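Structure record follows, encoded as structure tokens.
This is a predicted model, so every value here is computed, not measured. Below, read A as the first sequence line, B as the second, and so on, with proteins coming before strands; counting in each chain starts at 1.
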Amino acid sequence: MKRLNHDESLWFLILLGYGAYIAYLLGSGDMLYFINPRLNIFMGASASVFFLLACIQLPRLFLSGERRRDRFWMALFALPMLLGVATAPKGLHEDIALNKGVFLSGATGGPASFLDAPRKKTEPMAMLKKMRVGDIDSGVPTSAAPTEDGVFEVDAAHFDSKLRIVEDVPEAFADLKVRIAGFVQRRSGLPDERFFVVRMLIVCCAADSLVRGLMVEWPEGASFAPGEWVEAEGVIVLQEFYDDWFLKNVTTPMIRATRVERSERPSSIYVYPASGVPVQQH
Amino acid sequence: MKGWLLFALPAAAALLIPALRGTRLEIVSGPVLQSFATIFLSIVLEAMPFVMLGVFISSLIQFFVTEEMLAGALPKRTGPGLLMASVLGFVFPICECCSVPVMRRLVRKGVPLHVGITFMMAAPIVNPVVLLSTYYAFGGNVAAAAVRAVLGMVGAMVVGLAATKCFSAQEALLPETASSVACSCGCGHDHGEVASTCRHEHEHEHNHAHDAARSSGGASTPPRRALSLSKGVLEHTGAELFSVGRFLVLGAFISSLAQTAFAKDLLTGIGQHQVVSVVVMMLLAFVLSLCSEADAFIARTFVGQFSPGAVMAFILLGPMIDIKNVLMLQEGFRKRFVLFLTVAAFAVCFVLCVAINIARL
């Protein structure tokens with residue numbers, strides 16, 4: 001009877017294990033904790049290749065001959081899969097977000113040089129009704145117009161798209177009512193009443209995640225700890241600061257809050273960028 | 001026996017820890033381990049398809065591209081060779097995970113060292129997807145993407161040129177081992193296992209028809225040859241996946257540790273120094289090993305806190321060389337050469353990015 005080749009068998013199990021683990025993550029929806037859904041097709045391909053390589057490996061299970069693979073390296077190769085099974089990660093924690101800076105397109109959130117900018121008279125409602133934002137869940141563009149109560153809601157499904165609109169044309173949003181939910185992040189140099197309400201934006205994967213959100217001004221801001229989940233509502237005011245990358249003043253929006261309340265932590269703290277160009281003018 | 005223990009312990013932990021979860025091992029569901037595991041897995045999961053693509057392309061090159069074909073396609077002179085290698089990424093868009101195994105195989109196949117190195121370092125920067133993401137990350141600024149592309153090409157060419165002046169391909173490459181699996185004749189058989197599996201005389205006749213006929217013991221028909229070649233390509237892909245993938249995992253592990261432990265606020269205060277800020281951001285890019293498609297978005301969060309040269313250093317050095325690539329390069333290249341490449345990439349990026357800071361003073 002042929003003897004089982006232990007090294008080749010281990011490699012077979014690792015290949016099979018990776019294929020099964022990736023397939024499980026895709027099937028259960030847990031892949032969302034690691035990877036932007038737009039990359040799921042690559043994850044599916046990856047699982048298929050692991051299964052294929054495992055099949056190719058089958059005839060080698062009883063191969064006699066010298067050891068070809070170092071078991072230390074095989075154990076290391078298997079480590080991510082084993083760690084994944086052992087810890088069943090449910091995504092990044094807010095603590096990690098606090099290690100990162102807030103990403104504001106066209107602005108850095110720099111603490112030192114905020115000034116009140118002159119407000120422009122615009123027609124935000126008419127403008128918003130013409131705008132569409134991509135929906136990461138359905139892929140169908142939906143209206144960026146405010147809700148029936150006249151509030152522009154930066155909801156999770158359109159988080160990045162709507163923030164981009166606000167940041168691209170902040171003048172259109174001056175004095176507009178806005179609502180945003182996320183967790184609190186602070187930055188050194190900012191007074192206690194100013195903080196960010198943010199969420200983690202997964203561009204490609206959790207390792208490349210960004211902290212995305214809006215600055216909020218609330219007199220009792222000091223009562224909220226970093227990482228605490230809140231819902232903030234207020235009107236948008238414009239701030240101006242000097243951007244030393246573009247060597248010019250940049251206008252950025254901030255919420256002057258009329259209400260900030262603690263809220264429930266959602267099952268996932270992630271949001272995802274809408275694919276392609278997020279704003280379409282019709 | 002020790003080898004088995006190395007494997008058995010993590011496997012036992014993987015089986016036991018979930019069973020104990022919710023009882024006493026709160027560390028498993030604690031924020032630090034959860035975040036570490038999430039980052040570690042996300043890097044490996046995201047990079048794996050592209051590493052697979054890289055080793056598959058490498059296998060195709062191994063089996064179907066001959067030294068003569070490459071010699072005919074590449075410019076003979078160094079200058080045009082460097083230039084061509086630096087722009088290849090526009091039409092052959094690959095990321096840094098994919099470029100290492102492809103470059104390694106190309107150099108083994110006789111592609112000049114400077115061409116291989118320049119291609120490996122420039123392709124992840126001039127990749128159209130990467131340039132588009134840079135454009136978006138920097139608020140629709142064409143200049144940011146253009147400066148990144150031009151400096152990336154220049155930097156890669158300088159490193160490529162320096163590498164070829166200091167090393168020959170033989171001095172740079174490690175000798176192929178049995179674990180590198182396939183022979184360069186493209187027969188699809190494993191030199192390391194010739195005695196046990198192939199049982200044919202390895203005459204290196206560069207006649208691909210021989211393998212299917214001999215190994216099967218029957219007539220060499222086209223479908224059988226195709227099947228044998230396909231099997232050979234896949235076996236080679238699997239072996240290279242192990243060779244390269246283990247270093248990807250090691251790099252991802254170190255990067256995840258850094259991301260979990262490192263707080264950006266620690267760097268506040270040195271960000272505006274014209275020289276130190278560049279060094280710090282290069283080290284950060286090296287350790288974090290971010291995907292070049294996403295690194296511009298991370299870099300943008302440093303604008304305002306770090307000098308413009310430092311921000312550029314972050315998106316320039318990372319795709320050229322990072323801890324993950326250095327470890328993957330160890331499989332195939334001598335340590336001295338890998339160290340040289342790393343130091344050269346750092347030096348070139350440093351000069352280019354400090355120059356940006358000086359020009360803006």
Side-chain angles (χ1 to χ4, degrees), chain A residues 10-11 15 22 33-35 39 42-43 45-46 49 52-53 56-57 63-66 68-80 82-93 95-96 98-103 105-106 108 110 188 203-208 210 243-246, chain B residues 3-4 6-7 10-11 13-14 17-18 28 31 33-35 37-46 48-49 52 139 141 178-179 192-193 195-197 231 234-235 237-238 241-242 245-246 249-250 255 259-260 262-265 268 290-291 293-294 297-298 300-305 308 311:
Chain A
L10 271 181
W11 182 234
L15 291 170
I22 295 171
Y33 295 125
F34 306 101
I35 303 288
L39 296 177
F42 295 109
M43 298 304 115
S46 173
V49 172
L52 183 64
L53 293 178
I56 294 290
Q57 181 69 9
L63 205 65
S64 60
E66 294 175 10
R68 296 194 328 116
R69 296 187 177 91
D70 189 308
R71 284 176 191 161
F72 168 78
W73 287 110
M74 274 203 280
L76 184 76
F77 195 98
L79 184 64
L82 297 172
L83 189 67
V85 173
T87 61
K90 295 294 178 195
L92 293 173
H93 195 268
D95 288 353
I96 288 293
L98 303 178
N99 283 352
K100 298 171 180 260
V102 183
F103 177 85
S105 63
T108 62
S188 54
V203 181
C204 289
C205 72
D208 303 332
L210 293 167
D243 186 329
D244 67 354
W245 178 273
F246 296 118
Chain B
W4 274 105
L6 280 167
F7 192 88
I17 292 175
V28 172
L33 185 58
Q34 283 280 309
S35 292
T38 302
I39 293 172
F40 182 38
L41 271 162
S42 72
I43 295 175
V44 173
L45 288 171
E46 189 207 7
M48 197 55 86
M52 281 174 166
N141 186 272
S179 64
E193 295 174 348
S196 60
T197 58
K231 189 167 168 282
L234 286 172
E235 281 187 349
T237 302
L241 182 65
F242 174 67
R246 56 191 173 159
V249 171
L250 186 59
S255 174
Q259 288 210 35
T260 313
F262 166 74
K264 221 179 83 173
D265 280 356
T268 309
L290 298 174
C291 172
E293 199 182 313
F297 292 96
I298 309 291
R300 188 71 177 96
T301 66
F302 290 104
V303 173
Q305 293 174 304
V311 176

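- Of the possible donor and acceptor atoms, none in the side chain of B:Thr38 sits under 3.5 Å from a partner among the backbone N and O of A:Pro89.
- Across all their heavy atoms, B:Met48 and A:Ser46 have their closest contact at CG-OG, 4.0 Å.
- Rounded to the nearest 0.5 Å, atoms CG (B:Leu45) and SG (A:Cys204) are 13.5 Å apart.
- Ring pair B:Phe242/A:Trp11 is perpendicular by interplanar angle, where above 60° counts as perpendicular and below 30° as parallel.
- In terms of heavy atoms, B:Leu41 sits closest to A:Pro80 at CD2-O, 3.3 Å.
- The greatest number of non-hydrogen atom pairs below 4.5 Å with chain B, out of A:Tyr33, A:Phe42, A:Phe34, is found for A:Phe34.
- Of the two parts of A:Leu76, the backbone and the side chain both hold a non-hydrogen atom closer than 4.5 Å to a non-hydrogen atom of chain B.
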Starting from the C-alpha separation in whole Å, work towards a yes-or-no answer on side chain to side chain contact (heavy atoms under 4.5 Å, CB included) for A:Trp73 and B:Leu250. CA-CA 10 Å; A:Trp73 287 110; B:Leu250 186 59; 4.2 Å; yes
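- Between A:Met43 and B:Glu46, the shortest heavy-atom contact is CE-CA, 4.0 Å.
- Distance alone, capped at 3.5 Å, places no donor-acceptor pair between the B:Glu235 side chain and the A:Ile56 backbone.
- B:Ser42 contributes a side-chain N or O that, together with a main-chain N or O of A:Ala207, makes up a donor-acceptor pair within less than 3.5 Å.
- Across all their heavy atoms, B:Gln34 and A:Lys90 have their closest contact at OE1-N, 2.9 Å.
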